[in-house]
Amino acid sequence: MRPDTPAENVDHAAEAARLERTAGLYPEDAETLLLRAAAHLELSGDRPAATKLYDRLLSPSEPAPAPLDNPSLVRALKASNLWEYDHEAEARAIIDGVRAAAPRDPAPWVIVAEALESHDELEAAHETFTEGARLLLTDVPEPPYATHPLLYGRHRVRRMLGLDHDAWDTLADTLHSMPVSLDELHDPKRVWSLGSDNPADLEAEISRLRAELGAYREALSRPFPVAMLHWPAGELAELLEAYPSLAAEYPSYDAHLASIEAALRELASSGTPNLGVVPGTVPSYEAFAASEGASPADPTLLPQYATTLAARGLAVAWPPQRGAACWCGSGQAYGDCHGADAAGNR
C-alpha cells in the first residue's frame, strides 16, 4: 500500500493478505508485518481473523525465528480487539495479565487503558494510565516522546472523572503544543456544543477538532528514527568472516558498541530527535545487498541497510526507558551498562 493512498480507498482485506505473504518471505520481520495485517483485518471488520493472527504470534506451537520483541503489545491489541466483538471476559483477563506483567513499553499500557476507557470503565482506565506513568516516568527528567500518549490519556480520563489537576496533568499540559489546550480538548462538555444552534459554538468546536487532528497528524508524520546499526556479537563475527574488508569498519566488537553509544550521544547533544538502534543479521544484510545489486562488502551499503530496517519499524528507541535492558543485548539495565555515565556525557 502506498503511503499516500487515501484510507477510504484501501482494500483492507487484500492488504492484510499481502502482509501475511510478506511475513512468510521475511520471518525475521513477521511480528511487525503480522501486527499490521491484524490492524487491517480489524479495519475491514473481520475481528475474528485479526484474533487468529494475534494467536498465531502468541502461540508457542507456531514456528518462529525468535521470541516476540513485544509480547505485551500483542496481548494488549488482542484484548482490545476481543472486547469489540463481545468477548469481554477474555479481554478483561488479558488486560489484567498485561498490567501484572508491567511492561516497560508505554504502548501496551495505552492500548489496554483506552480499551477500558472506550467501554466506560473510567476508574479502571485511570488506574491503568497511572500505573504505566508511575512505572515509566518516576524520576525521569524528560518524558520520552513515546510516553506522551500515556500522559495525555491519563489527563483525558481524569478530566472526564472531574478530578483536579495533579503534577502529571501539569506535565501533560506542558508537553502538549497545539493551539487548543488539553483542558479544552478533553472537556466532557465539548460534545454538547455539537447540538447547539449557536454558530459560534460550532465554530469553536471545529477549531478544537482541527487542533486535535493536527496533533494526530504530527504524531503520524514523525520521521523514521535516525538509527545506528548494531551487529550482535555472533552476527558481527559471521559478517567479518564472510567479508573481511569490513574489518576496517568494525575493528572489534567492543569498539563497535562504543561507537554506537558515542554517535547516539553526539546526535542527541546536537538536538537530533527520534534516535534508535537497529539490530542487523547477515542473511537479511545479504538479501538487502542483492536487492540493491551491490556487494555486501561495500561499506557504503551499511547506513542504507540501517535506514531500511528502521523504515520497517525494527529500530529500538534510544535511550531505553528507565530500568529497561541495554540496547547492546548484555541483559543488564541500560543505566548499569552503556548508559552508566550517560548523565555526564550528554
Side-chain angles (χ1 to χ4, degrees), residues 1-5 9-41 53 56-57 62-70 74 220-251 253 256-257 259-260 263-264 267 272 274-318 327-329:
M1 182 181 70
R2 287 173 51 88
D4 56 354
T5 303
N9 295 336
V10 175
D11 184 337
H12 292 293
E15 185 65 12
R18 185 189 70 80
L19 288 164
E20 284 195 69
R21 291 194 299 272
T22 306
L25 297 173
Y26 301 98
E28 70 276 11
D29 296 342
E31 182 175 349
T32 299
L33 293 167
L34 291 178
L35 285 180
R36 292 179 182 174
H40 279 286
L41 290 170
L53 282 188
R56 175 176 165 187
L57 284 166
E62 282 287 335
L68 292 177
D69 291 330
N70 198 338
V74 180
L220 290 172
S221 65
R222 283 176 63 80
F224 295 121
V226 177
M228 302 300 297
L229 180 60
H230 167 224
W231 296 99
E235 295 292 338
L236 183 60
E238 183 180 343
L239 178 76
L240 296 180
E241 182 179 358
Y243 309 103
S245 62
L246 293 179
E249 302 291 322
Y250 307 111
Y253 182 61
H256 171 48
L257 298 183
S259 68
I260 292 173
L264 289 166
L267 288 167
T272 304
N274 208 19
L275 299 174
V277 180
V278 63
T281 66
V282 174
S284 72
Y285 177 58
E286 291 175 333
F288 172 75
S291 70
E292 294 291 313
S295 167
D298 182 359
T300 64
L301 203 61
L302 296 168
Q304 299 175 46
Y305 173 55
T307 300
T308 300
L309 293 179
R312 281 154 57 184
L314 301 179
V316 176
W318 181 94
W327 55 263
C328 72

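Note that the numbering runs from 1 along the sequence shown for the chain. These numbers come from a predicted model, not from an experiment.
Taking every heavy atom of both residues into account, Ala37 and Leu53 meet most closely at CB-CD1, 3.6 Å. Taking every heavy atom of both residues into account, Glu249 and Leu302 meet most closely at CG-CD1, 4.2 Å. The two residues Glu31 and Asn70 come nearest to each other via the heavy atoms OE2-N, 3.0 Å. For Tyr26 against Leu33, the heavy-atom pair with the smallest separation is O-CD1, 4.4 Å. When all heavy atoms of Ser295 and Ala289 are compared, the closest pair comes out as C-CB, 4.3 Å. The two residues Leu314 and Pro279 have their closest heavy-atom pair at O-CD, 3.9 Å.
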**Asked** After noting the C-alpha distance and the side-chain angles of Trp327 and Ile260, does the key distance pass the side chain to side chain contact (heavy atoms under 4.5 Å, CB included) rule?
**Response** CA-CA 10 Å; Trp327 55 263; Ile260 292 173; 3.6 Å; yes
**Derivation and outcome, side chain to side chain contact (heavy atoms under 4.5 Å, CB included), residues Leu35 and Leu57** = CA-CA 9 Å; Leu35 285 180; Leu57 284 166; 3.8 Å; yes
**Item:** Derivation and outcome, side chain to side chain contact (heavy atoms under 4.5 Å, CB included), residues Val278 and Tyr305
**Value:** CA-CA 10 Å; Val278 63; Tyr305 173 55; over 6 Å; no
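One finds the CG atom of Leu309 at 8.0 Å from the CZ atom of Phe288 (value rounded to the nearest 0.5 Å). Here the straight-line distance linking atom NE2 of His256 with atom NE2 of His230 works out to 5.0 Å at 0.5 Å rounding. Atoms CH2 and CE, on Trp318 and Met228 in that order, are 10.5 Å from each other to the nearest 0.5 Å. Summarising the geometry, atom CG belonging to Asp298 is positioned 8.0 Å from atom CD belonging to Gln304; distances are rounded to the nearest 0.5 Å. Taken to the nearest 0.5 Å, the CG atom of Leu236 stands 9.5 Å off from the CG atom of Leu246. For the atom pair CG of Asn274 and CG of Leu267, the computed distance is 12.0 Å after rounding to the nearest 0.5 Å.
Counting heavy atoms from C-beta on, the side chains of Val316 and Asp69 never come closer than 4.5 Å. Between Arg18 and Arg21 the shortest side-chain heavy-atom distance falls below 4.5 Å.
Only one option out of Glu15, Arg56, Arg36 pairs with Glu20 in a side chain to side chain contact (heavy atoms under 4.5 Å, CB included); it is Arg56.
Ring pair His12/His40 is tilted by interplanar angle, where 30° to 60° counts as tilted.
Side chain to side chain, Glu286 and Tyr243 meet the donor-acceptor criterion of an N or O pair below 3.5 Å. With hydrogens and angles left out, the side-chain atoms of Ser259 and Tyr250 include no donor and acceptor closer than 3.5 Å.
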